[in-house]
Visitor: 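Would you mind keeping the following structure in view while I ask a few things?
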Amino acid sequence: MSRSDLPALTIADLQSLLRRKEVSPRQVLESLRARIESVEPKIDAYVSIDFEAALKEAETADVNLPLGGVPIAIKDIINVAGQPCTCGSKILAGYRSPYDATVIEKLRAAGAIPFGKTNMDEFAMGSSTENSSVKVTRNPWDVSRVPGGSSGGSAAAVAAGAAFGALGTDTGGSIRQPASLSGLVGLKPSYGRVSRFGVIAFASSLDQVGPLTKTVRDAAMIMSAMAGPDRHDSTSLPDPVPDYTKNLGRDLKGVRLGVPKEYRVEGIDPQVSAAVNAAIKQLESLGAEIVDVTLPHTDYGIAVYYFIATAEASANLARFDGVRYGYRAKDPKDLLDHYGRTREEGFGEEVKRRIILGTYVLSSGYYDAFYVRAQKVRQLIRQDFVKAFEKCDAIVSPTTPEPAFKLGERTTNPLAMYLADIFTNTANLAGICGISVPCGFAKENGSQLPIGLQILGKSLDETRILQIAHAYEQSTDWHKARSPIALDSK
Amino acid sequence: MAKNTDLDVGYVSKLARLNLTEEETRRFQKQLADILKYAEKLGEVDVSQVDAAAHGVPMFNVFREDTPCDWLTAEEAISNAPHKANQLFVVTKVVE
């Protein structure tokens, strides 16, 4: 293969080439740089890149480490020492991370090279990446459409062959939804499986870091390097980290897959339903047993999510006060003017809307009616999953009700944008793990738009959902399809 | 459930220390009223026997030894400050 084709490789294939010394980590980075320069004007996936620092790391990279010499793109919400970290927000323009997040420390220890930061909805609030204050990222399958969000830059970079793999964060679907819309694998780990230290907080009881990759194996490789307890994150779980690749290749005999009747809702695109139904048949033909399950409180998920996520966000974003870091309004006349204008001028519209909603649901007189009630219904949603998992090993559904929508189509209707998370955000509320894997295409006006199958697993059962996703993936050709931008001339 | 008509965006923006333009205030009033109306369905659920869940995974206090370790220097800690002097954050005047 020619050097210019390198960025099309999976991480697993790149690793074999590196270990056989057919390419050097430096050559890999240089081919990636050329690739990014050629496609970036079409997709705008990256917000900052530091190739010089990356090339230095490449000089000493040990290719025998689990991810030795593999460049990984990082969502711009995760701190990488010395690199900018904007969260897609004006309020953090010019901010440079003084330290590495734990996930970055762990990836570096495994030999990976975090070379650049990807675009996102401001503070991870959105499902299209249109809420970035930096720029609008486009979907490599159809550049008139969104790549999904909030990890849309990570998704677009990998789908365009401009990254081998990327990290995203998922608070209500922000890894799985862009993975689905961009034809990728996206894994949201169980709450507590991956450290959140050094990841700028949106909703602390929901946020998790996870991989967006071309294949299930690549996702398992990144997870094996990144998961585990962290003394800096008291919500990280102490359980030992398995080798997530160990069950890949095992068949599905005896695996029980639940199909929740509540997910057969109106408003699902018929092409999405058809693809997901076919995928369920395919899983059955691979030996899985399909069982009906019920998740009776599904319909309340969006409402619960938007109360809890905005409440936590309004508290977390209080730290952006223009004192210790970030933007500060000019010549404030007093402290209230300083806070009020710094935040007015620094935050974008969606962030403001959510701070207002979150502040309201936590305010005196409304806290019990909104926030506490939402936490109680959250408990019921969690119990729904506990009961469902007594009957099955994993739950399958569409990742999103529709394929990628047009840029600008939903920016004026926040509620319609929120409903895009209907199948994903209950997993965050319940703390369980979930993965999206490509399962077909919808045809819209001549474009092929990827469709994702979501597989949800019990807390800490990542090995199982990776096994199921891998068995499905390897029995289909969907993961071999490349986006028009990825196939573009070099 | 409280009625969504109780929402006063102008008042809440003061609580949040977040100035809004009149136009934003009007727009959010309408959009958030729609969202609160959508969320009224939470009122249908019988939660009388349910404990609130703060996390998806039940968690309790986690303790560790309070051992000092190398961390940011003062210079690194204030490296991103919008206004600093003598290794200190310079803040807007808070007392007369």
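Lettering of chains follows the sequences in order, A, B, ..., and the numbering in each one begins at 1.
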Visitor: Is it the side chain or the backbone of A/Tyr306 that comes within 4.5 Å of chain B heavy atoms, both, or neither?
Guide: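 Answer is neither: A/Tyr306 stays 4.5 Å or more from chain B.
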Visitor: Let me know if A/Leu237 has heavy atoms under 4.5 Å from chain B in its side chain, its backbone, both or neither.
Guide: side chain
Visitor: Using the salt bridge (charged side-chain N to carboxylate O under 4.0 Å, His left out) criterion, which residues pair with A/Glu344? Sequence neighbours excluded.
Guide: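 For A/Glu344 there are no salt bridge (charged side-chain N to carboxylate O under 4.0 Å, His left out) partners, ignoring immediate neighbours.
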Visitor: Can you tell me how far CG of B/Leu18 sits from CZ of A/Phe320, rounded to the nearest 0.5 angstrom?
Guide: 13.5 Å
Visitor: I need the residue from A/Ala303, A/Ser204, A/Gly340 with the largest number of non-hydrogen atom pairs under 4.5 Å to chain B.
Guide: A/Gly340
Visitor: For A/Arg231 and B/Thr67, what are the C-alpha separation, side-chain angles and deciding distance, and is it a side chain to side chain contact (heavy atoms under 4.5 Å, CB included)?
Guide: CA-CA 11 Å; A/Arg231 68 189 293 271; B/Thr67 42; 3.4 Å; yes
Visitor: Do you know the tightest heavy-atom contact between B/Val94 and A/Leu335?
Guide: CG1-CD2, 3.3 Å
Visitor: Could you go through the side chain to side chain contact (heavy atoms under 4.5 Å, CB included) check for A/Tyr360 and B/Val9 one step at a time?
Guide: CA-CA 8 Å; A/Tyr360 177 59; B/Val9 168; over 6 Å; no
Visitor: With the threshold set at 4.0 Å, does a side-chain nitrogen-carboxylate oxygen contact exist between A/Asp299 and B/Lys41?
Guide: yes
Visitor: Which salt bridge (charged side-chain N to carboxylate O under 4.0 Å, His left out) pairs, counting each pair once, include a residue from residues 308-329 of chain A, with sequence neighbours left out?
Guide: A/Asp321-A/Arg324
Visitor: Is a donor on one side and an acceptor on the other found under 3.5 Å between the side chain of A/Arg341 and the backbone of B/Asn19?
Guide: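 Side chain of A/Arg341 to backbone of B/Asn19, a donor-acceptor pair under 3.5 Å: no, none is there.
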Visitor: Rounded to the nearest 0.5 Å, what separation is found between the CG atom of B/Asn61 and the OG atom of A/Ser234?
Guide: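 B/Asn61 atom CG to A/Ser234 atom OG measures 8.5 Å (nearest 0.5 Å).
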Visitor: Would you indicate whether B/Tyr11, at its atom OH, is surrounded by more than 12 heavy atoms from other residues, nucleotides or ligands within a distance under 6.0 Å?
Guide: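 No, because the 6.0 Å sphere around OH of B/Tyr11 holds 12 heavy atoms or fewer from other groups.
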Visitor: Measuring from A/Tyr325:OH to B/Ile78:CD1, what's the distance to the nearest 0.5 Å?
Guide: 14.5 Å
Visitor: Inspect the surroundings of CD in B/Glu23 and state if more than 12 heavy atoms from other residues, nucleotides or ligands are less than 6.0 Å away.
Guide: yes
Visitor: Find the distance between CG (B/Leu7) and CD1 (A/Ile356) and round it off to the nearest 0.5 Å.
Guide: 8.5 Å
Visitor: May I ask you to name which of B/Ala81, B/Pro82, B/Ser79 has the most heavy-atom pairs under 4.5 Å with chain A?
Guide: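 Of the options given, most contacts go to B/Pro82.
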Visitor: Out of A/Ile302, A/Val361, A/Leu92, A/Val372, which one racks up the most heavy-atom pairs below 4.5 Å with chain B?
Guide: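 Answer, by heavy-atom pair count under 4.5 Å with chain B: A/Ile302.
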Visitor: Could you grab the distance from atom CZ of A/Arg354 to atom CZ of B/Phe28, nearest 0.5 Å is fine?
Guide: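 Answer rounded to 0.5 Å: 11.5 Å.
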Visitor: When you compare the side chains of A/Tyr99 and B/Glu76, does any donor N or O come within less than 3.5 Å of an acceptor on the partner?
Guide: no
Visitor: Answer with side chain, backbone, both or neither: which region of A/Tyr418 has an atom nearer than 4.5 Å to a non-hydrogen atom of chain B?
Guide: side chain
Visitor: Check each atom of B/Arg64 against the heavy atoms of chain A and say whether the ones under 4.5 Å are side chain, backbone, both or neither.
Guide: side chain
Visitor: Give the intermediate values and the outcome of side chain to side chain contact (heavy atoms under 4.5 Å, CB included) for residues A/Leu357 and B/Leu36.
Guide: CA-CA 9 Å; A/Leu357 181 57; B/Leu36 289 167; 4.0 Å; yes
Visitor: Should B/Glu24 and A/Arg353 count as an ion pair when the cut-off is N to O under 4.0 Å?
Guide: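 A/Arg353 and B/Glu24: not salt-bridged.
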Visitor: Output the option from A/Val377, A/Asp337, A/Asp368 having the highest count of non-hydrogen pairs under 4.5 Å with chain B.
Guide: A/Val377
Visitor: Heavy-atom cut-off 4.5 Å, strictly under: side chain, backbone, both or neither for A/Leu419 against chain B?
Guide: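 Contact with chain B is through the side chain of A/Leu419 alone.
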Visitor: Using a 4.5 angstrom heavy-atom cutoff, name the option from B/Val50, B/Val62, B/Leu20, B/Thr21 with the most pairs to chain A.
Guide: B/Val50
Visitor: Would you compute the distance between atom OG1 of A/Thr359 and atom NZ of B/Lys14 and round it to the nearest 0.5 angstrom?
Guide: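 Answer for the OG1-NZ pair, A/Thr359 versus B/Lys14, is 13.5 Å.
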Visitor: Tell me, side chain or backbone of A/Thr412 under 4.5 Å from chain B's heavy atoms, or both, or neither?
Guide: backbone
Visitor: Mind running side chain to side chain contact (heavy atoms under 4.5 Å, CB included) on B/Lys93 and A/Asp334 for me, showing each step along the way?
Guide: CA-CA 7 Å; B/Lys93 194 160 97 172; A/Asp334 57 29; over 6 Å; no
Visitor: For the interface with chain B, which of A/Tyr371, A/Tyr339, A/Phe347 has the highest count of heavy-atom pairs at distances below 4.5 Å?
Guide: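 Highest number of pairs under 4.5 Å: A/Tyr339.
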Visitor: For residues B/Asn80 and A/Gly94, report the shortest heavy-atom separation together with the two atoms involved.
Guide: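 Shortest heavy-atom contact: OD1-O, 4.0 Å.
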Visitor: Picking from A/Lys352, A/Lys333, A/Glu345, which has the most non-hydrogen pairs under 4.5 angstrom with chain B?
Guide: A/Lys352
Visitor: Using every non-hydrogen atom in the two residues, find where B/Arg17 and A/Leu336 come nearest and quote the distance to one decimal.
Guide: NE-CD2, 3.3 Å
Visitor: Can you tell which part of A/Pro98 gets under 4.5 Å to a heavy atom of chain B, answering side chain, backbone, both or neither?
Guide: both
Visitor: Just give me the residue among A/Gln383, A/His297, A/Arg343 that pairs up with chain B most often, heavy atom to heavy atom, under 4.5 Å.
Guide: A/Arg343
Visitor: Does any heavy atom of chain B fall under 4.5 Å from the side chain of A/Thr342, the backbone, both, or neither of them?
Guide: neither
Visitor: Measure the shortest side-chain to side-chain distance between B/Gln31 and A/Glu349 over non-hydrogen atoms and say whether it is less than 4.5 angstrom.
Guide: yes
